[in-house]
Every structure is written in C-alpha cells, then in structure tokens.
Amino acid sequence: MKTPISTEDSFVRSAGKQLAVYALIAVAALVVLMYALHFAAGLTITGAGGVVGAVDVENNEITIYLREEPPQMNSMLATDTVSGMVLGHVMEGLLRYDDNDQIVPAMAERWEINGTRATFWIRDTARWSNGDPVTAQDFEFAWKTALDPATGSQYSFILYPIKNAEAVNTGQMPVDSLAVRALDARTLEVELEQPTAYFDKLVSFATYLPVQEKSFSAANGRYGADADEMLYNGPFVMTSWVHGASMRMEKNPYYWDAERIRLDAINAAYITSDSNTLLNLYKDGRIVSVDLTAEMLEGAMQQRWQLDRFMDGGVFFIDFNHRAERITSNLNLRKALLLAQDGNELVDRVIKLPGYLPAKSLFPVWLQGVEKTFREEYPAPEAPYNVQLAREYLEKAKQELGLTEIPPLVLLSDVSPVATISGQYYQEVFKRNLGLDIIIDAQIFRQRLAKMDSGDFDLVLNGWGPDYNDPLTFADLFASWNLNNRGKYNNPALDALVRTAQTSTDTKTRMDAFGAIQRILHEDAAFIGNYERGRVYATHPQLKGLLRRVFGAESDYTGAYIDASN
Amino acid sequence: MVTVRRRDAAPEPPWVHGVSPAVPPAQISVIEAVFREILRNNTMWQYTLKRLIQGITTVWFIATATFLAMHNVPGDPLSAERGTSEAIRANLAARYGLDKPLAEQYFIYLGNFVKGDFGISFTQQNRQVNDIIREHFPVSATLGVLAVIFAALGGVLWGALTALYRNRLPDTIIMFMVILGISVPSFVFAALGQLTLVNLNALFGISLLPVAGWGTVSHMLLPALVLGMGTMAYLTRLMRSSMLEIIHSDYVRTAKAKGLPAARIFSRHQLRNAILPVITVLGPAIAAITTGGFVVELVFAIPGLGRYFVQAVQQLDYTVIMGTTVFYGAFLVFMVIVVDLLYGWIDPRVRLQ
C-alpha cells in the first residue's frame, strides 16, 4: 500500500538525488584531475619517485631512508652523521676502516708514518667518477682549502696534527705554508707538528677526503650543493639528489675495488626523522632497515623480525660546571652527586632500551687497548651506589662551602626523549637521596650550546661521539685547552697525560696515559657517566652484509647484497 | 551593516574579516569583473591602493619583528657541537655580516630583501634561501591546493547533505564527524591515516597507496586528505548553516510556489547561493593550509617548505628564518588582499564603507 508523502519529503528525495549526481560528478572530476596531474607530474618530476619495494632483486637495488637532509656534500664542511654516511658511500679517503674497524689501504696503496713524516702512495687505479686519476694534488687542495680561514670549516681542527695547520687556520700563516706536499701525482708527503701515532686513523675522516680543484672551481661556490656539482671517487656515485626528498647512488664503474661492491644502486627515497613513519615504511616493505625505539620492540618481536643491536659509539654523561664561582667546583659536592645515583638503574629501569650500557668510564667498552680492549686492560674505577657515603660527602661540602643548605642546582638538558627522562631520573634521585633540588633547564640545540659556552649551568646532560678510532678522541675532552671542555675542568696533571698520549708513538705508553686519565677523572669526580648509547634495528630478510658501526660510513651498505633465497 | 544570525549559524572563521556572507549571483568571470570594476570606479582604485599599502606595511612589520626576535633569542647560529676557535668564528661572522652592528645588519637585510635576495643558508652553506623557497614552496603549494580542493568539495557536499536531512540520522552522524574533524589536530589524523594505510596494504597484500614519500600523484592523496580534514569539517559547518539560511528565504518559497522542479530549486536557488560564503573563505584557507602543513610534511616525508621553516628555527638559521617567514607572511597578506578585493566586487556593501 502506498502511503501519502508530504511535499517536503518529495523535495528532499529529488534534491538528494540531485546531490548524489553532484557527488558523482565531483568524484569523477577528482579522478580526472588526478590523472591529469599524474600525466603532468610524469613529465616534470625527475629523479626517484614511484613506489618501489625495499629490495629490488631484478635491478639489484635497495631502498633506504635518511634521517635528515645532508646540508651539503662538501666534505670540507661536513659535520653531521648523515653527511658522513653518504660521503662514506660516494667518497674514499687515503685509508678506510674495514669491517672490523681496522685501517686498510684505500686511495693509498701503501703508507708510512715515521716520526713527524707521513708519506702516502696513491694507487694508479684510483679514479674520479669522470675517469680522471685521483692525484696527490687533490688531497693537498682539499686539506689546504679546509684549513683556509675563509672556508670556515668547523671540523678543521681535525687537521691540526699537520705542521702549521693551526697557524694557517687561525690566519697567522698563509695557506701555502701548510706542510703538505704532492711530490708527484701519486705521492703525498705530510709533515706533522709532532709524532702522531693515530694519524692513519685521522686520514680516513671525512675532512681528509680529496677534492679535485678543477671541479671545485667549476662549481663556482656550489661545490657539493647538488649531485652534479661534484666528482666522486668512492664505491658509489650520486646520480640524483632531489633536495629534501631523495638521493640515488649508483655503483661507480671507476672505483678501483669495484669487485667488493655487490649492489648496483642504493635509493635513499625517504628523508624524515619521524620514527613512526619509518616503522610504517618498514612494515610496508619500502625500506630495508629501521631503527627501533623501546615502545616498538614488543611489536617487532611478535612479528619475528630480524633484530640486531650495536653500539653507536656515543658516550653520555653529566658534565659539571667546574668554574670557580660555581658550587659544583667543590670536589665533595661532586662526589656526593656521583655516589647518590646509579647508572645501572638509569639504563635498566628508566631508559629500558636494549643495547644501552651504563657509562662507567669516559672510555667506552669497544675501544681497543694494547692487546685486548682498553676496558679489559684498564678496568673502569668502581663508583658503587652508596647513599650513606654520598650524604657524608654532602655534609663535608656544606662545611667547606659555608652553606647550611645547598641552593637548587640547574641541570641543563636538551629536548630529546632520552635526555628528558634521564633528567627526570636525576632530579628524582638527588632529591630522594640528598634532599637537593634540581631545576631542569631544557633547551634546543644552539640555545643549550650558548648556555654551555657561557657557563650558565651547574650540571649539563652532555654526550660525545668519537671522531676516530683511538682513545684520544675521548681523552682530550677534559684537557684545559679543549674548546669542547665547556665545564672548564682544569687539571695540569691530566693535561700532561693528554700531551703524552698525543705525542708518544708507543702504544703501551699511550694506553697507560689513558688509564691514568681514567683514574684522575674518577678521583676528581669530573663527570657522572650516564650511558653508552646502543641501537636496535630490524633488517629486511633478503638483505645481507649491512654493517652498523662507530666509524666510517654508518650505516654501511657498501658490502651489502641481496640474498633472494629468503 | 546588519547581519542576521540564525540559531545554528557557524561561528566566524579566523580568515573572514568582519564581513558576512553575501548572496548576489555570479554571471561573468570574477577576475574580469574585478578589473572592470577597478577601471570604472575611482573609489575601487583608492581602496585597492590603500589595501596594497597596508599589505606592504604589514610585511615590513613582520620582517622587522622577526629580525628583532631572532637576534634576541639566546644562542649563536655559528656555534657547533665541536667547539670552534675565535678566529674561525670571526671569519664566519664576517661572511654572514654578523660582525656589523645590529642596526647596520638590519638596513643591509632590508635592502637585500627589497632586491629579493634573502642570502645564503647558515646550515646548507652553499644554497641560496631563494633556491630553498623556489624548490620547496611548490611542493607545499601543490599539497595545499589539493587539500583545499578535497576540503571544498567535501565541505560543500557534506554541508548540503546535512542541511537537506537536517535533524535526521545523516545529519547527526556527519555533524559528529565534523566536531571530530575540527577538534582533532592534523598530526593525529596523519599518524592514524598512515597506520590505517599500512594495515590496509598488508590486508590486501598490494600497495594501495604509498605510505610516505613524494614524487607521484599517489603520494599526494593521503597527505592532502589529512591536511584538508580540518578545513573540510569547518566548511561543512559553514555550508550547512548557509544552506539553512537559504532554505527559509523568500525566493526559495516563491520558486516552490511557482512549481519549479525540486532538483532545479535545489541546485539553482539553494546550492548556488549557499556556496558563496564557502568560496570566499577558500583564498585564506589555501594560504593557511599551505603555510601550516609542516607536521604533515614531516610525517609523510614530504620535501615541503614547512619542514625547512621549522628546522631553521631550531637551528637558528637566520637567513632561512627571515626568508621563509617573510615569504609566508607576504603570501598570507597577499591572499587576504585578493579576497578582500574580490569581496568588494561580490558584496557592494563592503565597497560603500
């Protein structure tokens, strides 16, 4: 039976139909627009793009991500880890680190370091990506340019063991007085300021990479700004770089050791630091490897992903403000703080990330000593968690300082998640055990640096990543002349030991010096160790040979290959 | 000017500057009409000139305020994790002109700014700020325009639907979604959208859409939808209230009384007039969406200008901060002026004031 309907209902019905028609038209128009855009985009957008899988067996390619956009590919200016990672794939220095972090020949087929003279013989198969030979002059040019005050390189200090380098860099001597000479196209002679036992490890650093003068001048101030604005001499060449979006590296046919390289291309198709996005990309099969945070671990275990961990080399610690006007210059106060906290508790119960270790020493566990690891030969001094003793030290400190109460201490911190929870842990533990008030001052990168430089803190959450594989990269951190000694720790005994380690060429003497430095820093309670940073990462089951490590390219895909059988 | 407000009228959007939606029908091309109007009418000329001068003053004010704020933030743009010696710092300061007195820096910078030169980035030491804007703004703009297209189409259709079925089930459901869309921030939508897509891809075993990245149209769909979500919800509400106002108007009643077909009344008399206020907020919406997408850009790994803008602030990259802020500021001001001029043509009452 038909029920009578009101005019309003019939209006709504036919208007609704009309609306549905419009909706269909809108959707159709959108689809047409998308196709038009797709067609137009296909004609204009170059470089990577398209949707490819993490592992492309057919073309022997893989897809990775970059955490940040490298500021530039100019090795003389590079400071950050992402630039270091890319440079490690597309460039090669005189020497390089092998899979076991040992120095092996690279552009130089052999080398000699005798006292203050180092000589490198460059192999005749060393080629730039345009076929030009890599010459000794290319190294001379790069090192002189990096030290030229006009270049303003922030890592120029790493060249300072070369004779006159510091004077050149500070403008006291002309650039040509730098004691680096290309004797001929294939022989590079370097005079050192003083005997430098670890110079072979230094020359594998990014600032020591070669630059061809011709291509540098041709780039006209834009050297390294784009993929085609430079030459490459490493295992791969960068064939495209869409800023902020992607980078493509293809196998370099001119590379002298091309047999070592098994991948044909590496696509860095995503540039983002958002860890959830990266996890989603990995889940979706778009990237070959991803670093995991603590919250992601459980899910990863359930998925039975292939997980690995490694130490990335960074050591994190609380630095004290040792300036005389600060109460933290009082030894007993520092000792009280040192004993009132527990590094194991921080790592196991607060940070809870696998791979992290409590930092018991400034010298991390992986450093090499004379025969075994440094820490096996020179064990870290024990600083057991002891609240009772800590309170006694605190009382002594109050007497020495003439204070009835210690005023609130300012803990300067950055804004990263791990720094935030670490800061909260110390705030809580110092309050509970010593009744001290800690004010957390969280600052973004440059503001934190500015406050550190001006000494506007009592305690600061600090960290240090090594530059080269020698304990000295950590040991000179507290030397009075070191610009990174922002707490202004000053101990002539330690300075003397650092000098010994810098100039001695005898391994045992040097390691003894580092052992003594470790002891002095502990006796002086110069810092409170927090943790040595570890990382957990998942890898695509078909990718083999990915190397995660401290030095060289990190992550290192140069030895990676696709195993399609999995 | 009197504005009649209905019970369920939408609140004023942040972009609309004291003008209420008006309802004259559009017959000729909008741009053509504006030019005709400008040429014919002397007051329109004056109005345009006045708005342009106001706009330039605003941009100058933005530039000055940014300059002063930036230089008063603690921190040194030349500092680095590895300590640099005084000599190197001095060299860098000289290269960027930071060794000069602040007042001199300000005038040099204003002079360069007039010439359209924003200088060289501090962090990307061999890239011009102009290059950064030129390469990355089109990406943000593409995403923004696409988002506004989604938002506008969705807003008009949903808004019309809810008005048609007011106080019935479709209305209730959609208006609930609208509240969600307005109150949930875009990064939540971004993360949820991405996660849903990953699960859908896994479920179907094929890649329906890419999870992140940039390069093809398929990369743009999800980010644009996510970015446009809030605006779509807002426009739905605007469209709904505008429709409700018109449903009860005299000319709709007249049309019904004349016995015109329902579909014709709906599309000619109701939809067409109700759409006008939506169109007028689109200009500022494009500007707001284009300049506000940096979270979505980060989540979807999109090389837009927003990311450079945020990174520059974190890195104290003076030249990039100045370049992007002034550029964004000028862009917003320009869009507002264009909309106001269009409004002057659409609504004669604005012109008369």
Side-chain angles (χ1 to χ4, degrees), chain A residues 10-12 14-19 22-23 26 30 34 37-38 41 45 48-51 71-72 74 77 79 149-150 152 154-157 169-171 221-225 242-245 269-272 274 276-277 280-281 283-284 286 444-447 449-451 453 482-484 486, chain B residues 73-77 79-85 87-88 91-92 95 123-127 132 135-136 149 153 157 160-161 164-165 191 194-195 198 201-202 207 210-221 256 261-263 265-267 271 298-301 303-304 307-308 314-316:
Chain A
S10 83
F11 178 81
V12 168
S14 31
K17 269 185 202 157
Q18 188 64 33
L19 187 62
Y22 285 140
L30 266 183
M34 291 302 142
L37 265 178
H38 184 71
I45 296 178
V51 188
Q72 76 267 312
N74 181 345
L77 296 177
T79 58
Q154 290 174 344
Y155 248 98
S156 53
F157 69 87
N169 197 219
T170 50
R222 288 181 43 81
Y223 176 79
V242 184
H243 282 285
Y270 308 96
I271 301 181
T272 182
D274 188 306
N276 283 313
T277 300
N280 285 336
L281 283 168
K283 274 189 194 165
D284 203 44
R286 303 287 144 219
I444 60 172
F445 181 62
R446 290 201 202 264
Q447 272 84 332
L449 278 183
K451 287 200 158 185
D453 281 331
N482 192 325
L483 294 165
N484 299 301
R486 291 178 165 111
Chain B
V73 167
D76 176 2
S79 63
E81 191 133 31
R82 300 302 196 240
T84 40
S85 68
I88 294 175
N91 273 311
L92 283 171
R95 183 196 293 175
T123 41
Q124 299 190 291
Q125 290 171 22
N126 41 22
R127 256 182 117 197
I132 294 178
E135 282 173 42
H136 299 286
I149 290 176
L153 286 179
L157 291 173
L161 190 71
L164 206 53
Y165 292 91
Q194 197 178 54
L195 195 62
V198 169
N201 283 353
S207 182
V211 169
W214 190 251
T216 67
V217 175
S218 54
H219 285 106
M220 301 173 186
L221 293 179
K256 280 184 183 170
I265 299 174
F266 176 69
S267 43
L271 212 52
L298 184 74
V299 171
F300 288 100
R307 258 164 67 182
Y308 284 83
Q314 287 169 348
Q315 297 281 329
L316 270 189

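Proteins get letters first, then strands, A, B, ... in listed order; numbering begins at 1 in each. Here the structure is a predicted model, which is why all the values come from computation and not from measurement. Computation of the quantities below employed the complete heavy-atom set of this structure, encompassing side-chain atoms and omitting hydrogens, waters and symmetry-equivalent molecules.
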On a heavy-atom basis, which atom in B:Q194 and which in A:N280 lie closest, and how many Å separate them?
OE1-ND2, 2.8 Å

With sequence neighbours left out, what residues match A:T79 under side chain to side chain contact (heavy atoms under 4.5 Å, CB included)?
A:Q154, A:Y155

If you tally heavy-atom pairs under 4.5 Å between each of A:N482, A:D284, A:D274 and chain B, the highest tally belongs to A:D284

Under 4.5 Å heavy-atom distance to chain B, tell me which part of A:L77 shows up: side chain, backbone, both or neither.
side chain

Go through the structure and list residues passing ring-ring contact (aromatic ring centres under 6.0 Å, His included) with A:Y223, not counting sequence neighbours.
A:F216

Under 4.5 Å heavy-atom distance to chain B, tell me which part of A:Y22 shows up: side chain, backbone, both or neither.
both

If every non-hydrogen atom of A:R446 is compared with every non-hydrogen atom of B:P77, which pair is closest and at what distance?
NH1-O, 3.3 Å

Considering only heavy atoms, which portion of B:L157 lies under 4.5 Å from any heavy atom of chain A: side chain, backbone, both, or neither?
both

Select, from B:V299, B:T123, B:V73, B:L316, the one with the greatest count of heavy-atom pairs under 4.5 Å involving chain A.
B:V299

Heavy-atom contact with chain A under 4.5 Å, split by part of B:I132:
neither

Determine the minimum heavy-atom distance between A:A245 and B:P303, stating which atoms define it.
CB-CG, 3.5 Å

As an exercise: rank A:A225, A:P71, A:A23, A:A450 by heavy-atom pairs under 4.5 Å with chain B and give me the winner.
A:P71

Between A:T272, A:N276, A:T277, A:L483, who has the most heavy-atom pairs with chain B when the cutoff is under 4.5 Å?
A:T277

Non-hydrogen atoms of chain A under 4.5 Å away: do they reach the side chain of B:Q125, the backbone, both or neither?
both

Leading residue by heavy atom contact count with chain B [cutoff under 4.5 Å; candidates A:S14, A:G16, A:A26, A:G152]
A:G152

Contacting moiety of B:R95, where chain A heavy atoms sit under 4.5 Å
side chain

What one should report as the nearest heavy-atom pair of A:G224 and B:N126 is C-ND2, 4.0 Å

Mind ranking A:M34, A:K451, A:R222, A:K17 by heavy-atom pairs under 4.5 Å with chain B and telling me who comes out on top?
A:M34

Just wondering, do B:I88 and A:S156 contact through their side chains at under 4.5 Å, heavy atoms?
yes

Give, as side chain, backbone, both or neither, the part of A:L449 having an atom under 4.5 angstrom from any heavy atom of chain B.
side chain

Does A:H243 reach the side chain of B:H136, with side-chain heavy atoms less than 4.5 Å apart?
yes

B:R307 and A:I271: which non-hydrogen atoms are nearest, and at how many Å?
NH2-O, 2.9 Å

As a quick check of understanding, evaluate side chain to side chain contact (heavy atoms under 4.5 Å, CB included) for A:F11 and B:I265, giving each step before the final call.
CA-CA 9 Å; A:F11 178 81; B:I265 299 174; 4.1 Å; yes

Could you have a look at B:A301, B:G75, B:S79 and say which one has the most heavy-atom pairs with chain A under 4.5 angstrom?
B:S79

With side chain to side chain contact (heavy atoms under 4.5 Å, CB included) as the criterion, how do A:K283 and B:N201 come out once you've worked through the C-alpha distance, each side chain's angles and the decisive distance to 0.1 Å?
CA-CA 10 Å; A:K283 274 189 194 165; B:N201 283 353; over 6 Å; no

If you count heavy-atom pairs within less than 4.5 Å of chain A, which of B:Q314, B:Q315, B:E135 leads?
B:Q315

Under 4.5 Å from any heavy atom of chain B - which part of A:A150
backbone

Identify which part of B:L298 has an atom lying under 4.5 Å from any heavy atom of chain A, answering side chain, backbone, both or neither.
both

